[in-house]
Amino acid sequence: MRQSRLFLTTLREVPADAEVISHQLMLRAGLMRQLTSGVYELLPLGWRVLYKIEQIVREEMDRAGAQEVLLPTIQPLELWERSGRSEDYGPLMFRLTDRHERAMVLGPTHEEVITSLVQQEIHSYRQLPVILYQIQTKFRDEPRPRAGLLRGREFRMKDAYSFDLDEAGLDRSYRAMFEAYCRIFDRIGVRYRAVDADPGAIGGEGGTHEFMVLSDAGEDTIAGCTSCDYAANIEKAAGQALPRADATATPAPQTVPTPGTRTIEDLVRVLNVDAGQIIKVVVYVADGQPVAACLRGDHEVNEVKLKNHLGVRTLELATPEQVLQWTGKPVGFVGPQCGLRVVFDRDIWSVTDGVVASDTPDAHDIHVVPGRDFPVGETADIRNVREGDACPKCGGSLRFYRGIEVGHVFKLGTKYSKVFGAVYQDENGQERTIIMGCYGLGTTRVIQAVIEQCHDADGIIWPMAIAPYHVHIVPVNTADPAQQQTAEALYEQLRSRGVEVLLDDRDERPGVKFKDADLIGLPLRITVGRKAGDGVVELKERATGQVSELTLEQAVAQIVERVNPSR
RNA sequence: CGGAAUGUAGCUCAGGUUGGUAGAGCGCACGGUUCGGGACCGUGAGGUCGCAGGUUCGAGUCCUGUCAUUCCGACCA
């Protein structure tokens, strides 16, 4: 491609609306432009990158035995009412009405559609297993779009769905997809980590892993072990239970006045105790019913864990009014003996000399011991791990990282197939429910995740596999016939060898061209300069800055080798 | 949903407190000099000052409303 003809404008200055570096570079390097909040246009360079990513995804999906389909964007709301997820997704769905006043939605995902399709088409065990996938635009009216493609309202995603006879089949499909994902991210050239995760809104039964690109721009917190390979999303991460401490020396409880202490911090200050000694009670509404969580003051409730433990659909914090109504106490003065169903965090046992809200108004009891001074009933791990907690696998120390979720694989089980009646007859004529898995991969998000990881002060540094072009040819002075001819000759030779070349044939000053080349970040650059007349050019590697002077033949040979080492 | 900031030329921003007919740098067009890391000189094009209403002789500037964009937060008792 001749750059003089390319639909590309780079930006010298950082766009005011972009905060995150990868977002800035997407705009500055002319990969995309914003249309409206969370919605972007991909320009030729950006589209080429996305295309390559999706091509790699296709190849690996096909290799793993999955078959590509294309499913509708527009879906009847009724489908979502059947699965019950109309409510779960709620305002996250873009809704529209057709001319017959029928309620429709723009698909935020496709479990409903694919399951109803499979329900119609699959009836016999002979037709299973099957894995279907598609690459499609998805729509989610996010409460807060952010950071360009990292969280958009319209974005591209590959989603695959597996349909199996039984659990063993699901395990095979899951493993095949997991391995395909590893190959995909390896081929793309991004550093990633597969972490244990919670199934979240999509729901389901059984294992699930998220593929995370480690980056401070990420929205997820990952707890990783510093001595083994354990890694999990904070929503899922479980540490080892803290040791149950010896409290035999703790004196008898004593009530002290603590008016106006609404928070743990207040108590720490007023009573001069550690936050870890305080035993707090947090009141929730779980499917409409009050439930209290009781844990140490320095621990945080993990709402995902609590929700899973309770087996409820919705879980939200109670309002102060609800707390008062149900417990007769204001927020901050509710103790474990509040009369509500209380779930204790298992690490409550690590408290030896605790503080709890007293029965006396505006007071707390000190020198309290769990089990001795109040009964500890229903107990579970319902808190977030903290840095330094013991790794569940090896006992090592957990550390936190930020990550961008680029892929998610999970075992759905029969959640959707049951609702949609996706069943088959086995060899005995018995009707059985199909077992499903689902496997998402955010292709547009990957573009930015890669940039987040692959850039320097001058611009993007594309991995070869997804670079918009392989090589950037920069003639320093287009007015010099020798340089001009050399650049053209290289351009033709490389293209005839299957190399994707961007030729900067613009009549610009060298500085401008070099700056643009660094910003755009093609992996290799050929500078055609003064020595062109002697048949010598420079080959520069974007990632390392390494420069070598080569003859044209050497340059072509090296580039062909670098672009496609296997050839 | 709550909080904050911002909306003036293609981009980055001044101007606003003190109301008086619109600015800079970069980019763009043309001419010239330059040509290995975002050149220089000259000329020029380009703006319903987000939108609506109000105050005023007069509003980019003051008031009210509204829309948009970005950031932070979304409740830990």
Side-chain angles (χ1 to χ4, degrees), chain A residues 9-20 23-24 27-28 30 33-39 90-91 141-148 151 153 219 258 260-268 275 278-285 292-303 306 315-324 326-327 329-336 338 340 345 355-357 364 382-384 457-459 474-480 483 504 506-520 525-532 537-538 540 545 547 549:
Chain A
T9 42
T10 55
L11 306 177
R12 293 193 182 205
E13 303 190 69
V14 178
D17 280 347
E19 187 100 342
V20 171
H23 183 196
Q24 293 174 359
L27 296 168
R28 288 230 292 137
R33 293 290 181 255
Q34 178 169 9
L35 179 62
T36 183
S37 178
V39 180
D141 195 0
E142 294 286 348
R144 186 144 105 80
R146 72 174 272 285
R151 182 169 293 277
R153 298 195 296 167
E219 297 179 290
T258 53
T261 54
R262 291 194 70 246
T263 66
I264 297 296
E265 279 156 35
D266 293 341
L267 278 176
V268 166
I278 298 166
I279 294 164
K280 69 180 175 185
V281 173
V282 187
V283 181
Y284 283 90
V285 187
C294 180
L295 66 169
R296 268 169 49 165
D298 60 339
H299 289 161
E300 287 177 354
V301 176
N302 179 316
E303 293 185 6
L306 180 57
L315 182 73
E316 51 196 26
L317 208 63
T319 63
E321 293 73 35
Q322 287 172 317
V323 172
L324 189 63
W326 288 330
T327 68
K329 307 237 173 167
V331 164
F333 292 93
V334 178
C338 55
L340 304 176
D345 183 68
V355 175
V356 299
H364 281 75
I382 55 165
R383 73 168 174 97
N384 284 144
D458 293 316
V474 181
V476 171
N477 184 349
T478 38
D480 178 347
Q483 291 186 24
D504 193 349
R506 297 174 304 164
D507 181 20
E508 284 287 355
R509 295 170 58 81
V512 172
K513 294 188 180 187
F514 291 147
K515 285 291 185 188
D516 273 345
D518 287 344
L519 181 59
I520 293 166
R525 185 180 96 195
I526 297 183
T527 311
V528 182
R530 292 192 199 90
K531 296 184 180 167
V537 295
E538 279 174 27
K540 182 172 181 180
V547 179
E549 291 202 340

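Just so it is clear: chains get the letters A, B, ... in the order the sequence lines come, proteins before strands, and each one is counted from 1. Worth saying up front: this structure is predicted, and the values here are computed from it rather than measured.
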For [X], report the nucleic acid contact type (base, sugar-phosphate, nothing); a contact means any heavy atom under 4.0 Å.
X        : result
A:Arg33  : nothing
A:Ile264 : sugar-phosphate
A:Ala318 : base
A:Ala532 : nothing
A:Asp518 : base

In whole angstrom, give me the gap between the [atom1] atoms of [N] and [M].
N     : M     : atom1 : answer
B:G23 : B:G46 : P     : 14 Å
B:G15 : B:G3  : C1'   : 29 Å
B:U48 : B:G10 : P     : 9 Å
B:C57 : B:A45 : P     : 36 Å
B:G38 : B:C28 : C1'   : 16 Å
B:C62 : B:U56 : C1'   : 10 Å

For A:Ala275, all residues meeting side-chain contact (heavy atoms from CB on, under 4.5 Å), sequence neighbours excluded: A:Ile264, A:Val268, A:Asp298
Sequence neighbours excluded, which residues qualify as side-chain contact (heavy atoms from CB on, under 4.5 Å) partners of A:Glu549? A:Lys531, A:Val536, A:Glu538
Contacts of A:Phe333 meeting ring pair (Phe, Tyr, Trp, His ring centres under 6.0 Å) (sequence neighbours excluded), chain-then-number -> A:His364
Side chain of A:Lys540: nearest nucleotide among B:G37, B:G25, B:C72? B:G37
Scan nucleotides 32-36 of chain B against the protein and return all N/O pairs shorter than 3.5 Å with their distances rounded to 0.1 Å.
residue	atom	partner	partner atom	Å
B:U34	O2	A:Arg509	NH1	2.6
B:G36	O6	A:Arg530	N	3.2
B:G36	N1	A:Glu538	OE2	2.9
B:G36	N2	A:Glu538	OE1	2.8
B:G36	N2	A:Glu538	OE2	3.1

Salt-bridge contact A:Arg525-A:Asp518 (side-chain N to carboxylate O under 4.0 Å): yes
With pairs defined as Watson-Crick or G-U wobble and both distances under 3.5 angstrom, please note down RNA chain B as a dot-bracket string, | for pairing with another strand. (((((((..((((......[..)))).((((((.....)))))).....(((((..]....))))))))))))....
A:Arg12 atom CZ is separated from B:C11 atom P, nearest whole Å, by 16 Å
For nucleotides 1-8 of chain B, which of its nitrogen or oxygen atoms have a protein nitrogen or oxygen under 3.5 Å away, and what is each distance?
none

Just to confirm, is there a sub-4.0 Å distance from OP1 or OP2 of B:U70 to any side-chain nitrogen or oxygen of A:Ser37? yes
